[in-house]
Q: 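Structure below; questions to follow.
Heavy-atom basis, side chains included; hydrogens, waters and symmetry copies ignored.
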Amino acid sequence: MEQVPDCSLQKWRDVEALNSIGQEAGEGLKEPKSIVLEDKKFHPREGNNSLDFGSKPNEVNNDTRFENDGKEEHSFNATGRQDNNVHGQSRGVRDVEIETKHPLSNRSTVKHDNSVRTAKSRSIDYKVKEIIDQLIRAKAYLGFAPPGSNSHLMKELRLRIKDLEHVVEDVTRDSELTKSALQKMKSMESSLVKAGNAFPDCSAMSSKLRAMAENAEEQVRMQKKQATYLLNLAASTTPKGFHCLSMRLTSEYFALQPSERLLPEQNKLHDTTLYHYAVFSDNVLACAVVVNSTISSAMEPEKIVFHLVTNSLNLPAMSMWFSLNPQGKATIEVLSMEDFKWLSTEYDLGWTMQNTSDPRFTSELNYLRFYLPNIFPSLDKVILLDHDVVVQKDLSGLWHVDMKGKVNVAVETCKESEVSFLRMDMFINFSDPLIADKFDSKACTWAFGMNVFDLRRWREENLTALYHKYLRLSNERPILKGGSLPFGWVTFYNQTTAVERQWHVLGLGHDSTVPQDDIEKAAVIHYDGVRKPWLDVGFGEYKEFWIKHTDFNNQYLQQCNIHW
């Protein structure tokens, strides 16, 4: 009698390959790119300012240049990062973070932890894995049967598949398997042996498994593509309740007499001895959280002056909100960018150059940060906050940081093991000779979101003119991409001083692995990314830090059904 070839080795190899499908990253998937809100840049680092919140700074000179991890990408077309920041529904205050940032955000440390956990899980839950393997093999054998086949073996395989699918429906660990489940495994193995004898052709089995693997991979790609599209769609829309809130506040504003629309304490707006904060936004509730959290965390709230810059459409709603919700002894000013008459000559050049209609990249509010000395001509220093941050500690210590003659103070993002990691060449085209001659691709990057700007030094260095120089160049040839982020890096190149990371923790809008300890110790936490805390797609575990600064008993929020 002719001996039947043993296909077991080949089968198991194919099964292993098939089971790895779920772990693949979908290399061929062309997902929409999101732009990261954090601006990171500078060349030679001048050292870190290490300080206790609200106290004197201690200088620490730890130069940590980021490394390329053996995969240096100089291609301008390859952006390995998601989430400026996809600035969802409130467009304007930040660059969009690329949802593609998720793959990059899980750096070496996270990857290592995950691989350890995965290996551990495989060794512990071997039986569950074996059941899944049996199901795959059984379905492959069913594929060999002629259409409509009703043989005893095929009926037996269908029954075994049904039984095992029921077993693994709610089971993820071996400890959860019952004796009945183990018996069904033995029955399935017996049926698979019969099928192996009935279909001994190894090459046919290999082809079948390969076809199943390719089909599953394609389904994974399509699901990932659809998930990315839906996530970005959700992030780029404004919740219905926010529209309602703006409409109701605007209606109330125009019902007031002109004299009743003025906010209190406006005599402090130009006092350079006070702490001045600027926020550019068209999102009323987001601004309210930034203001509330900053003031409630401050040791001297009476010294705080907030300058909120929005557009003419949202000015009435923004003004009415802070008129109805006074901030104690702090001072609030609401400005409309349309009142900056000098800005009209710059508008077309700066904000229509982007080759996209996405307002997250083209919104005027994203680029107003480069005109701070013009907007506040009487001020010497200002802290710029993005509207998707929450302040948890007193920030007065930032006003005493030794800026070393530089213009900008920021947290660095060039440490590859952190979720906020970025490289210059992700957004800047170093294949262009002009860029390659002026900038170092390995220069340490930094983040927008919480920055201290010395406006006197800014004026002395004439950095707004430098910004316009790169704006014109970028309009003529592809040297920069990704919104205002790369413009910040080149404009403030060699003009940035670093502070400790605990001043500004990033990633809450695009990465679910930000350590809880880092969040709790941070002075400012930043929801940079598409998953804003006011959106349904925001990470639930991070929303509590934002929600606690919002009074959901407010009559306007209740009328507009805004609640959490």
Q: Any idea which heavy atoms bring Q502 and E500 closest together, and the distance?
A: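 Taking every non-hydrogen atom into account, NE2-OE1, 3.0 Å.
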Q: What are the two closest heavy atoms between G538 and K543, and how far apart are they?
A: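 What the structure gives for the nearest pair is O-CE, 3.6 Å.
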Q: Check K129 with D133, please: is the shortest side-chain N to carboxylate O separation under 4.0 Å?
A: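 Yes, D133 and K129 are salt-bridged.
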Q: Rounded at 0.5 Å granularity, tell me how far NZ in K532 sits from CG in N283.
A: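 Here the interatomic distance stands at 10.0 Å.
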Q: Looking at every non-hydrogen atom in both residues, tell me the closest pair between D282 and L365 and how far apart they are.
A: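 Answer, listing the atom of D282 first, then L365: N-CD1, 3.9 Å.
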Q: Is the side chain of N232 donor-acceptor paired with the backbone N or O of L230 at a distance under 3.5 Å, no angle test?
A: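 Not a single qualifying donor-acceptor pair exists.
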Q: Do side-chain atoms of S191 reach the backbone of E156 as a donor and acceptor pair under 3.5 angstrom?
A: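 No, the answer is negative, given that no donor and acceptor are paired below the 3.5 Å cut-off.
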Q: Are N561 and K240 close enough, and set up right, to give a side chain to side chain contact (heavy atoms under 4.5 Å, CB included), and what steps lead you there?
A: CA-CA 9 Å; N561 199 29; K240 183 178 179 181; over 6 Å; no
Q: Any carboxylate oxygen within less than 4.0 angstrom of a Lys/Arg side-chain nitrogen, looking at E218 and R221?
A: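 Salt bridge flag = yes for R221 with E218.
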Q: Do T172 and V128 have side-chain heavy atoms sitting under 4.5 Å apart?
A: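 Contact flag for T172/V128 side chains = no.
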Q: Pair H504, N451 - check side chain to side chain contact (heavy atoms under 4.5 Å, CB included), show working.
A: CA-CA 9 Å; H504 182 193; N451 305 83; 5.9 Å; no
Q: Would you mind reporting whether E169 and E165 have side-chain heavy atoms less than 4.5 Å apart?
A: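 The answer is no, as the side chains (C-beta and beyond) never meet within the 4.5 Å cut-off.
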Q: With a 4.5 Å limit on heavy-atom distance, are the side chains of N429 and R477 in contact?
A: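 Contact flag for N429/R477 side chains = no.
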Q: Donor-acceptor check, side chain of N292 to backbone of H549, threshold 3.5 angstrom: yes or no?
A: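 Here the side-chain-to-backbone pair exists.
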Q: Checking D386 side chain against D388 main chain: does a donor-acceptor pair fall under 3.5 Å?
A: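 No; judged by distance alone, with no hydrogens or angles, the pair does not exist.
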Q: Report the distance from atom OH of Y493 to atom CE of M424, rounding to the nearest 0.5 Å.
A: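 Between Y493 OH and M424 CE, I get 5.5 Å after rounding to 0.5 Å.
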Q: Would you indicate whether the side-chain heavy atoms of R160 and L192 approach each other to under 4.5 Å?
A: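 Counting from C-beta outward, L192 and R160 never come under 4.5 Å.
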Q: Would you say that K162 contacts R158 through its side chain, given a criterion of any heavy-atom pair below 4.5 Å between the two side chains?
A: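 Result no, sub-4.5 Å side-chain heavy-atom pair not found.
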Q: Would the number of heavy atoms belonging to other residues, nucleotides or ligands and lying under 6.0 Å from CG of D536 be above 12?
A: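 Counting neighbours around CG of D536, 12 or fewer heavy atoms of other residues, nucleotides or ligands fall under 6.0 Å, so no.
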Q: Applying side chain to side chain contact (heavy atoms under 4.5 Å, CB included), run through F552 and I562 and close with a yes or a no.
A: CA-CA 7 Å; F552 293 104; I562 298 176; 4.2 Å; yes
Q: Could you pull out the closest heavy-atom pair between V290 and H387, with the gap in Å?
A: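 In terms of heavy atoms, the two residues are closest at CG2-O, 3.6 Å.
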Q: Does M185 reach the side chain of I131, with side-chain heavy atoms less than 4.5 Å apart?
A: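 In short, these two side chains touch, coming nearer than 4.5 Å.
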Q: So, do I136 and M212 sit near enough that their side-chain heavy atoms are less than 4.5 Å apart?
A: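 Yes. Closest side-chain heavy atoms under 4.5 Å.
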Q: Rounded to the nearest 0.5 Å, what separation is found between the NZ atom of K393 and the OG atom of S293?
A: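 Separation between the atoms: 13.0 Å.
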Q: When rounded to the nearest 0.5 angstrom, what distance separates CG in L422 from NZ in K415?
A: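 L422 CG to K415 NZ: 15.5 Å, rounded to 0.5 Å.
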Q: Between the main-chain N or O of Y126 and the side-chain N or O of D174, is there a donor-acceptor pair closer than 3.5 Å?
A: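 Pair found, side chain donor or acceptor close to backbone of Y126.
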Q: What are the two closest non-hydrogen atoms of L157 and A195, and how far apart are they?
A: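 Smallest heavy-atom distance, with atoms named: CD1-CB, 4.3 Å.
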Q: Side chain to side chain contact (heavy atoms under 4.5 Å, CB included), that's the test. Do Y542 and V514 meet it? Break it down for me.
A: CA-CA 10 Å; Y542 299 150; V514 180; 3.5 Å; yes
Q: Measure across L506 and A447 and return the closest heavy-atom pair with its distance rounded to 0.1 Å.
A: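 Heavy atoms of L506 and A447 come nearest at CD2-CB, 3.8 Å.
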Q: Do the non-hydrogen side-chain atoms of T445 and R423 ever get within less than 4.5 Å of each other?
A: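 T445 does not reach R423 side chain to side chain.
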Q: Determine, for E189 against R137, whether the closest basic-nitrogen to carboxylate-oxygen distance falls under 4.0 angstrom.
A: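 Salt bridge flag = yes for R137 with E189.
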Q: Kindly compute the distance separating OG (S187) from CD (Q134), expressed to the nearest 0.5 Å.
A: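 One finds 9.5 Å between OG of S187 and CD of Q134.
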Q: If you round to the nearest 0.5 Å, how far is NE2 of H243 from OG1 of T237?
A: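 T237 OG1 to H243 NE2: 8.0 Å, rounded to 0.5 Å.
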Q: When you measure from the side chain of R531 to the backbone N and O of H510, does any donor-acceptor pair fall under 3.5 Å?
A: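 Answer holds: no.
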